[in-house]
Each structure stands twice: as structure tokens, then as C-alpha cells.
Trainee: 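Structure in C-alpha cells, see below.
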2 protein chains.
Amino acid sequence: MRSLTDKIECYLKVLIDRSDDYKVEIQRAELAETFQCAPSQITYVLGTRFTAEEGFRTESKRGGRGFIRIQKLSEKRLAVGLTQEQACMTIDDLMSQGILTVREAKLLINIINRIIMNLDDEISDYIRSEIIEGALEVLEG
Amino acid sequence: MRSLTDKIECYLKVLIDRSDDYKVEIQRAELAETFQCAPSQITYVLGTRFTAEEGFRTESKRGGRGFIRIQKLSEKRLAVGLTQEQACMTIDDLMSQGILTVREAKLLINIINRIIMNLDDEISDYIRSEIIEGALEVLEG
DNA sequence: ACCTCTTTGACTTTATTTGACCTTTATATT
DNA sequence: AATATAAAGGTCAAATAAAGTCAAAGAGGT
């Protein structure tokens, strides 16, 4: 395990996984004490590892009896995978932004439309997201 | 006389071969120290010897506790569809013939290398052939 | 001599960690 | 009831620690 941030992330995720309701509630100062770090470190971990994008929701309250509650949203919402329509829309966007040429966009859309035809949904959703990410990696890197 | 680049390449490939998961993780500055060279030399080695085209994938993280991870992708052969190697060779050919631009070729190769990783052989061989055919359909049509 | 591949280093970008200061809330005191 | 105090969590910027970029200089082969 690498950084302190990674350790705290891992610790919290274990707690969440062990809970029955996908939630965990902590006290910032106390957790900071456990890991011998600044309280703002905890805030940092939340801000980088438990974002909405990653499928988490956090609530907190200040003052006496304050707390931080982290909730993991259901897997459905963080499913990696794009439907055919989503994938095509993404490609269109990339083209509008000038990241993809028209020809490249056509090429990717054609690939995507071919792939949808012969596989079941789960796999083709996955493949589509890999195609988009694979393309972006080249184009933006 | 082999170059430093060759030595570093060899060193990393030995590490990967000895690993059980076809991966190795290094710290750029540390490896540079080991070989008494500039850190950017390591970046150069990765860029010339551990490319997607050669069947490797690299990930990295900057900042505190940063790292570089290199993974060798598997290349397995199957009767139906295209192996990773065959697919990459085909793309290279298309590029030589001026049918694909360099950028398009890179894009496709990256997609192919991504897809190989998480699926079983039969499916990924199939997908590869669909990608090539899908691309050709647009480019030649 | 020329061309290609290597090697370097100055500069850039990104990630983590900390601490000083700020805001909010509950509770105790007047 | 109004106010003061203590007990939380929040913000933000600086310090530090990596890796990435890119152009220029160097080396080897033809």
C-alpha cells in the first residue's frame, strides 16, 4: 500500500464493505489521530477518493456531535460500460470539440455498431467503454 | 556495445518475466539512480521499448509516492479471429499502404491492446477481427 | 558528413501532506 | 431567551515529492 492517502482510502473502504448498509460514519479528528496525520488529510482523502464520480456520497456536520458519513451508491450507478447510444454521443462530442476528426469518428462509430450486433449487452457495453477510453488515451496523451 | 537503453530494457524485461503477474512497478528516480542516468532516460526507454505496439501497457502516477507500472499483455493464439499480434501487423500494413494515418493506427492499436486484457481469448480474438473489418469498411468504402 | 538513435537537463504538471485560520453547531451560562 | 464557549468539520495555500515534456547535445554506424 502506497501513500497515507491510499491507506486511509483502503481502511474506509473495508469499513464500508463490512457494513450492511454501505455506509460508514467517522469523526474526522479521531481518524486523523489513528493515522497520525493532520485532520485536513482526511478531507483530502474524501475529496479525491470518495467523489460522486467514483460512486460515493458524503455528508457531514460540524460542531458538537459532528460527523462525516460516507455512503457507497449502488453498483448500477458506477457500472463501467456505455450503451451504443451513449458511446455514439460521446464520439460526437469528441468530434465537436475537435479531438476526433470526422473520419476517425466514423471509424469508431462503425466499429461500435459492428460490435453491438453479435454479443450480449454486458460485454458489448464494456467493450464500448474500452474503445472510447482507448481512443482518448491516444488522442489526449 | 549495448546502449544504456538496451540495458535498462533488458533489466525491466527480466523483472517482468520473473514476476507472476507480468507486471513490474518501479520508481523512475530510483531506477535512474541505479543506472546512473537522468530520470528522463527511463521515460525514453518506456517510450521506445515498452509501447502498446510491442504489447506492453504502462501506467504511472506523479507526485508524492508516484510510480511507474509496466505490464506485459498476453498474446495467445486461437483458430478463429485475430491474435493481438496479427491484428497489430494488419494495422501496420494498412498504415504502410497509406490507408490509415499514423494517428488512426495508433488509435486502433491502443484499442486492441486494451480489449485483450479483460476478456477471454475467444471473445477478444473475435472483437479484434471486427475492429479491423469495421475500420476497413469505413476506409475503403 | 549525415542520419538516426541516445542521453541529458531545464522546465512543467500532478499528487500528497501539513498547518494556520474560518465556519457551523451544540451546549452551558447568565 | 440571549449569549458565550467549546467542539466539531472546512478551506486554502505552501512545502514537498514524484513523473512528464521537449529540445538540444552526443555517439555510432554508413
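Proteins get letters first, then strands, A, B, ... in listed order; numbering begins at 1 in each.
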Trainee: Taking side chain to side chain contact (heavy atoms under 4.5 Å, CB included) as the definition, give me every residue that meets it alongside A:E59, ordered by chain and number, with sequence neighbours left out.
Mentor: A:R69

Trainee: Please state how far atom CG in B:L46 lies from atom C1' in C:dT7, giving the value in whole angstrom units.
Mentor: 15 Å

Trainee: Do A:K72 and A:F50 form a cation-pi contact, if we require the NZ or CZ to be under 6.0 Å from the six-membered ring centre and within 45 degrees of the ring's axis?
Mentor: no

Trainee: Expressed as a whole number of angstroms, how long is the span from A:F67:CZ to C:dT24:C1'?
Mentor: 13 Å

Trainee: Quick one: side chains of residues 31-42 of chain A, donor-acceptor pairs under 3.5 Å with protein atoms, not counting sequence neighbours, listed by atom name and distance.
Mentor:
from  : atom 1 : to    : atom 2 : distance (Å)
A:T34 : OG1    : A:E30 : O      : 3.0
A:Q36 : NE2    : A:E33 : O      : 3.2
A:Q41 : NE2    : A:T5  : OG1    : 2.8

Trainee: Rounded to the Å, how far apart are B:E33 CD and D:dA19 P?
Mentor: 13 Å

Trainee: Applying a 4.0 Å non-hydrogen cut-off, can you work out what A:I42 is touching in the nucleic acid: base, sugar-phosphate, or nothing?
Mentor: nothing

Trainee: Hey, does the side chain of B:T5 come within less than 4.0 Å of C:dC5's phosphate (OP1/OP2), counting only N and O?
Mentor: no

Trainee: Name all pairs fulfilling the salt bridge (charged side-chain N to carboxylate O under 4.0 Å, His left out) condition that reach into residues 36-53 of chain B, sequence neighbours left out, sorted by first residue then second.
Mentor: B:D6-B:R49, B:E9-B:R49

Trainee: Please determine if a side-chain N or O atom of A:S40 lies less than 4.0 Å away from the OP1 or OP2 oxygen of C:dT18.
Mentor: no

Trainee: Could you go through nucleotides 12-15 of chain C and list every protein N or O atom that sits under 3.5 Å from one of its N or O atoms, giving the distance for each pair?
Mentor:
from   : atom 1 : to    : atom 2 : distance (Å)
C:dT13 : O4'    : B:R62 : NH1    : 3.3
C:dT13 : O2     : B:R62 : NH1    : 2.8
C:dT14 : O2     : B:G63 : N      : 3.3
C:dA15 : O4'    : B:R62 : O      : 3.3

Trainee: Measure the distance from CG on A:D6 to C1' on C:dT17 and round it to the nearest whole Å.
Mentor: 13 Å

Trainee: Hey, mind stepping through B:R57 and B:Q71 against side-chain hydrogen bond (donor to acceptor under 3.5 Å, both in side chains) and telling me if it holds?
Mentor: CA-CA 5 Å; B:R57 179 203 266 194; B:Q71 180 173 15; 5.0 Å; no

Trainee: Can you tell me if B:S60 touches the phosphate of D:dA18, counting only side-chain N or O atoms and a distance under 4.0 Å to OP1 or OP2?
Mentor: no

Trainee: With side chains defined as the heavy atoms from C-beta onward, is the minimum distance between B:L108 and B:L94 less than 4.5 Å?
Mentor: no

Trainee: Return the residues of residues 21-31 of chain B meeting this criterion: a heavy atom under 4.0 Å from some atom of DNA chain D. Order them by number, or give none.
Mentor: B:Q27, B:R28, B:A29

Trainee: Expressed in angstrom and rounded to an integer, what is the separation of A:E59 atom CD from C:dT24 atom P?
Mentor: 18 Å

Trainee: Roughly, in whole Å, what's the span from NZ in A:K7 to P in C:dT17?
Mentor: 9 Å

Trainee: Rounded to the nearest Å, what distance is computed from the CD atom of residue B:E9 to the C1' atom of nucleotide C:dT7?
Mentor: 16 Å

Trainee: What is the distance from CD of B:Q41 to P of C:dA10, rounded to the nearest Å?
Mentor: 16 Å

Trainee: Is the CZ atom of B:F67 crowded by more than 12 outside heavy atoms at less than 6.0 Å?
Mentor: yes

Trainee: I'd like to check the side chain to side chain contact (heavy atoms under 4.5 Å, CB included) partners of B:D21; sequence neighbours left out, ordered by chain and number.
Mentor: B:S19, B:K23

Trainee: Any side-chain heavy-atom pair from B:I68 and B:E25 closer than 4.5 angstrom?
Mentor: no

Trainee: Among the candidates C:dT27, C:dT18, C:dT6, find the nucleotide nearest to the side-chain atoms of A:C37.
Mentor: C:dT18

